[in-house]
Amino acid sequence: MSQDPLETVQTLLESVIEETDDAEVHYKLRSALQILEASKEEVSTLKEAAADHPELEDRLSDLGYL
């Protein structure tokens, strides 16, 4: 599995979708994947913003955002 926890969660959710035929479960899992994707985009945006500012990157890392 990936070193990135978000990638690991995505892989797990996708594998469960493949293993079940329940439409309600599929809906909930797809919704979770969409939320996960939004979170990944937020992290990417934060990383880009902090790339030129080491102090900001350190603070975001200390807060658990990066």
Side-chain angles (χ1 to χ4, degrees):
M1 291 212 171
S2 172
Q3 293 288 343
D4 179 6
L6 296 178
E7 292 292 331
T8 301
V9 171
Q10 180 178 355
T11 301
L12 291 170
L13 290 171
E14 289 170 346
S15 70
V16 173
I17 288 173
E18 292 175 8
E19 294 175 9
T20 184
D21 294 328
D22 188 312
E24 185 175 343
V25 171
H26 276 212
Y27 172 78
K28 291 177 181 179
L29 292 171
R30 283 193 311 272
S31 296
L33 281 169
Q34 290 173 343
I35 293 167
L36 181 65
E37 186 61 35
S39 295
K40 287 169 54 177
E41 288 179 23
E42 285 180 8
V43 169
S44 177
T45 300
L46 288 173
K47 285 181 180 179
E48 287 177 21
D52 296 330
H53 306 284
E55 183 180 311
L56 175 60
E57 186 174 16
D58 290 341
R59 290 188 356 210
L60 291 172
S61 181
D62 289 346
L63 292 169
Y65 292 110
L66 300 178

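- For the atom pair CD1 (Ile17) and CG (Asp22), the distance works out to 12.0 Å, reported to the nearest 0.5 Å.
- Here the OG1-CD distance, from Thr20 to Glu18, works out to 11.5 Å after rounding to the nearest 0.5 Å.
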Give the table of side-chain donor-acceptor pairs shorter than 3.5 Å for residues 31-48, with sequence neighbours excluded, one pair per line with atom names and distance.
| from | atom 1 | to | atom 2 | distance (Å) |
| --- | --- | --- | --- | --- |
| Ser31 | OG | Tyr27 | O | 2.9 |
| Ser39 | OG | Ile35 | O | 3.2 |
| Lys40 | NZ | Glu7 | OE2 | 3.0 |
| Lys40 | NZ | Gln10 | OE1 | 2.5 |
| Thr45 | OG1 | Glu41 | O | 2.9 |

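- In this view, Arg59 and Glu55 satisfy the salt bridge (Lys or Arg N to Asp or Glu O under 4.0 Å) rule, not counting sequence neighbours.
- The two residues Ala49 and Leu56 make their nearest non-hydrogen contact at O-CD2, 4.0 Å.
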